[in-house]
Amino acid sequence: MPVQKVNDSSDLDAKVPAHLQRTAITGLTVTSDPSHRCVKARVVHKGPVISCAQKDGIEMLRAEIREEDLPQSTTEHTSINVIFFGTLAKDFSQSVRQGDVVLLADFTIKKSPSFLRDKRHPCQLEMDGNDACVYVCPSAAPSQGPSCSEAKYTYVPLNNLKHKTVVNVYGVVTFFKQPFPSKGSDYCSTLKITDQSDVKVSCSIFSKKLEDHPVIFRVGDIIRLHRFKTEIFNDSMTLLNTYGWSAVTFDGIIDSPVDPRTSSKSFHFGESDKNTVQELRQWAASQSLISNDPTVSLSSVHPGMYFDLTCQLLAKAVMDSRCILLKVWDGTKCEHPLLNVAVASDALEGESTVAKDRMNLTANVLVYDNHMEAAQDLKPGTFLRFYNLRSLLQRAPDQQPDQAEHLSFHLHGGTTYGRGLRSLPAGSPELQSLKSVLENHVDLDEYDEVNDGTLLEIWYTPPEAVDGEADTAHSYTVRTCEHNTQQLTLARVKRSTPPLSCHVRARVKKYHPQQLYQCLKLFCSKCKTMKDVPDDGAVAKVFRESARENQPCDEQWAATSSASSREAGRTISMHISKDMVGQSTHMQLIFVEGTTLDEICVLSRDYKNLVPVRSENGRMALMDLTAPFLFSGDKRYYGCKRCSLNTFENHVFTGVETYDGQAVAEALGVQLMRYGLLIQFELDDGTDTLEALLWENAEKFFHVSAVDASGSQDLQDKIQTIIDTIQPPQSSLEERPWLDLCLSVYTVKDNNINKVCYQITDSEIREE
DNA sequence: GCTTAGGTTTAG
């Protein structure tokens, strides 16, 4: 039943239903039977509508009413607190002003929890929206309070606080701790605020509900406190929240929108508040408290610092009962190598950080003890801020003494210096610059995709027993990774869930291809096509077909010389750009037409860079891309048939000192296919066997460049020699050397079926 | 229902 209005105080008496009996406030006791009673009194205080923490956030409002028709002698317990709940609280807030006379019926009588403090009345009245009824007679004299329905608040400057009063204040936060569990029943926020008076006041806020605590992001935020009581502690004025309190915060950035941050559903906020906030922002900007901001980006972190870090969560993992790992970034590159922390892949929640790890962008933050509670709730993608984060140089357990130490980050237990963390809403104005930095890194995801063969996540698990010999015997390979992961048996690796990275020690049981020249592959980084290097028979056929019935082409830009071949009717032509005439043959890019494969091979002994071409309606065109598009000394460069445009746009290479496959490919509209080495090893460590690819890491593994190997028998022999060492012909498995390998376990989609693959990464042949 | 904290560094 809503609040009902009457025009005159005497009408209130008329409204009293016949069955109700008017009762004096002074006479109310806890044992009074409330039924059939009503009270009539003047509203002397009306509080704001607040949400009641103890009653599941139900709206409530507290008012104080005073009995007026009293004998002179009566002075005790003349006023009483009334609590309105639910819709009645809101209705009362809107319809009743301080100074109005009200008639209340169908209340319940409870013991007053604040009687010892306010000495008002041993009881309080509680009015529930469903049953209770309120009649109000608006006061004729508006002088009792402001004309608006909301009470107007006055704010006391911090240098004018008087002991034992309840006040409203505004201030700039100069220190704060995130809410932490007190030794009592509540969470406690402690903060220090200041204002234009330059007086600093400490403040403690107790509340069971975390969400009721002030939402402070950084020093410099503006805070408004309502109904805080003043107390002297250690000769200093302090503020403590008291019944009906509220806290509202704003960011301290000048000219940013004045957006109140609060969990309170109903709070007063008007034009004068806006002004106060803006004045405090202006004043704070001139104070040193802002310039002492401890916020630091990853790019300027140094070892041993305590600092605040604003960042985005990429992934997280619980390490043990007292530690949780948060992998974060802020888009800036750290000057010091960053420590990667070992994690069980099935315990890691969030995206892969491989690409960012490689670029030294991922900070691994170990969050301890009391901070785990806040860290556990964070979802990957969330923006967050660490307060009083510690950076330390650390040596990874398997790290060589001569390698640079890595930077680790610890959010130690405890709350001193405001140590803690909290999430930041994505729309927060102070996140805008961070977000634009992160957006500049979108290409990283593509990078990740290209390198999906090394979806490296670090694996941590107690090692299984590996047989003694394997543990200590000399290894023919050495791992070059810097992460710290335990060595696993192959059996354990096969039981694991990808993606993960691990260390294994195994022998080569078999390898494929047995004909090693077949391990040389061509790979298109654009469409990911991989193919064998065409054999000479196939290439020779393309040359023969192009040369047949070929009429030399005629291009304005080219100087051409032609000669008859041994075969009747076939002309061999060589074209060079006219502005290159007279240059050394090593500096010239020569377009060759009408030759056989054998002939261009002979020519390439004397001419460094040859592009085989044919004529198409008199114009120069590239040959079918089964053939190389460039012969450069011993090397042949191939283009991707799918991705090349063959635009032949820029045949002019003026001033180019050296040609490489990439530069020529770009000029001709060809998508270069890169050389790679691909070998599959069947590994065996006695517990199990598995097929591991050597692909992305193959050049490092053999210390051989694939493109160089393509034109060098010596380098191909070198690869053969290495293979013959790790798997000597006719040897038994036991005779073969052990290999220490870093292994990446990942899945690929093959015909829509997820297939687990193993790839050897970060491992090299030991060069004695 | 009352108390809690009251800034000042973990030690992984």
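Since the structure is predicted, the reported quantities are computational estimates derived from the model, not experimental observations. Just so it is clear: chains get the letters A, B, ... in the order the sequence lines come, proteins before strands, and each one is counted from 1.
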>> Quick one: does any side-chain atom of A:Tyr387 pair with a main-chain N or O of A:Phe217 as donor and acceptor, under 3.5 Å?
In response: yes
> Roughly how many Å is it from CG in A:Leu392 to P in B:dT10, rounded to a whole number?
Replying inline: 12 Å
> What are the two closest non-hydrogen atoms of A:Glu351 and A:Ala315, and how far apart are they?
Replying inline: O-CB, 3.8 Å
>> From C-beta outward on A:Ser182, which listed nucleotide comes closest to its side chain: B:dG7, B:dA5, B:dA11?
In response: B:dA5
> Do A:Ser185 and B:dT3 share a donor-acceptor pair, side chain to base, under 3.5 Å?
Replying inline: yes
>> Side chains of A:Thr238 and A:Ser202: any donor to acceptor distance under 3.5 Å?
In response: no
>> Rounded to whole Å, please give me the gap between OH in A:Tyr387 and C1' in B:dG7.
In response: 15 Å
> Glycosidic conformation of B:dT8, syn or anti, with 90° from 0 as the boundary?
Replying inline: syn
> A:Lys183 NZ to B:dA5 C1': how many Å, rounded?
Replying inline: 9 Å
> Can you tell me how far P of B:dT3 sits from NZ of A:Lys208, to the nearest Å?
Replying inline: 12 Å
>> Counting the atoms with a prime plus P, OP1 and OP2 as sugar-phosphate, which does A:Asp186 contact under 4.0 Å by heavy atoms, base, sugar-phosphate, or nothing?
In response: base
>> Work out how far the C1' atom of B:dG6 is from that of B:dT10, and round it to whole angstrom.
In response: 23 Å
> NA contact type, A:Phe180, heavy-atom cut-off 4.0 Å: base, sugar-phosphate, or nothing?
Replying inline: sugar-phosphate
> Roughly how many Å is it from CG in A:Leu389 to C1' in B:dG12, rounded to a whole number?
Replying inline: 14 Å
>> Taking the ring of A:His226 and the ring of A:Tyr155, is the distance between their centroids below 6.0 Å?
In response: yes
> Between the side chains of A:Arg218 and A:Thr295, does any donor sit under 3.5 Å from an acceptor?
Replying inline: yes
>> I need the residues from residues 369-377 of chain A with at least one non-hydrogen atom less than 4.0 Å from DNA chain B; give them sorted by number, or say none.
In response: A:Asp369
> Just by modelled atom types, is the A:Ile25 backbone N or O under 3.5 Å from a matching donor or acceptor in the A:His121 side chain?
Replying inline: yes
>> If stacking means aromatic ring centre less than 5.5 angstrom from the base's six-membered ring centre, planes under 30°, is A:Phe175 stacked on B:dG7?
In response: yes
>> Less than 4.0 angstrom between a side-chain N/O of A:Lys177 and OP1 or OP2 of B:dT8, yes or no?
In response: yes
>> Tell me which one of A:Thr194, A:Ile193, A:Thr190 satisfies side-chain contact (heavy atoms from CB on, under 4.5 Å) with A:Phe175.
In response: A:Thr190
>> Can a side-chain donor-acceptor contact be found between A:Lys229 and A:Thr242 if the only test is distance below 3.5 angstrom?
In response: no
> Is atom NZ of A:Lys90 surrounded by more than 12 heavy atoms (other residues, nucleotides or ligands) closer than 6.0 Å?
Replying inline: no
> Has A:Phe206 got its ring stacked on B:dA5, by the test of a centre gap below 5.5 Å and a plane angle below 30°?
Replying inline: no
> Heavy atom of residues 299-307 of chain A under 4.0 Å from DNA chain B: which residues?
Replying inline: A:Tyr306
> Base, sugar-phosphate, or nothing for A:Gly418, non-hydrogen atoms under 4.0 angstrom?
Replying inline: nothing
> Salt bridge between A:Asp369 and A:Arg322, side-chain N to carboxylate O under 4.0 Å?
Replying inline: yes
> From the list B:dG7, B:dA5, B:dT3, which nucleotide is the closest neighbour of the side chain of A:Ser204?
Replying inline: B:dA5
>> Under 4.0 Å, heavy atoms only, any strand: does A:Thr238 hit a base, just the sugar-phosphate, or nothing?
In response: base
>> Rounding to an integer number of Å, can you tell me how far A:Phe409 CZ sits from B:dT9 C1'?
In response: 17 Å
>> Heavy atoms only, 4.0 Å cut-off, all strands: where does A:Cys323 land among base, sugar-phosphate and nothing?
In response: nothing
> For the pair made of OH in A:Tyr417 and C1' in B:dT8, what is the distance, rounded to whole Å?
Replying inline: 4 Å
> Between B:dG7 atom P and A:Leu191 atom CG, what is the distance in whole Å?
Replying inline: 12 Å
> Sub-3.5 Å donor-acceptor pair from the side chain of A:Asn360 to the main-chain atoms of A:Lys333, do we have one?
Replying inline: no
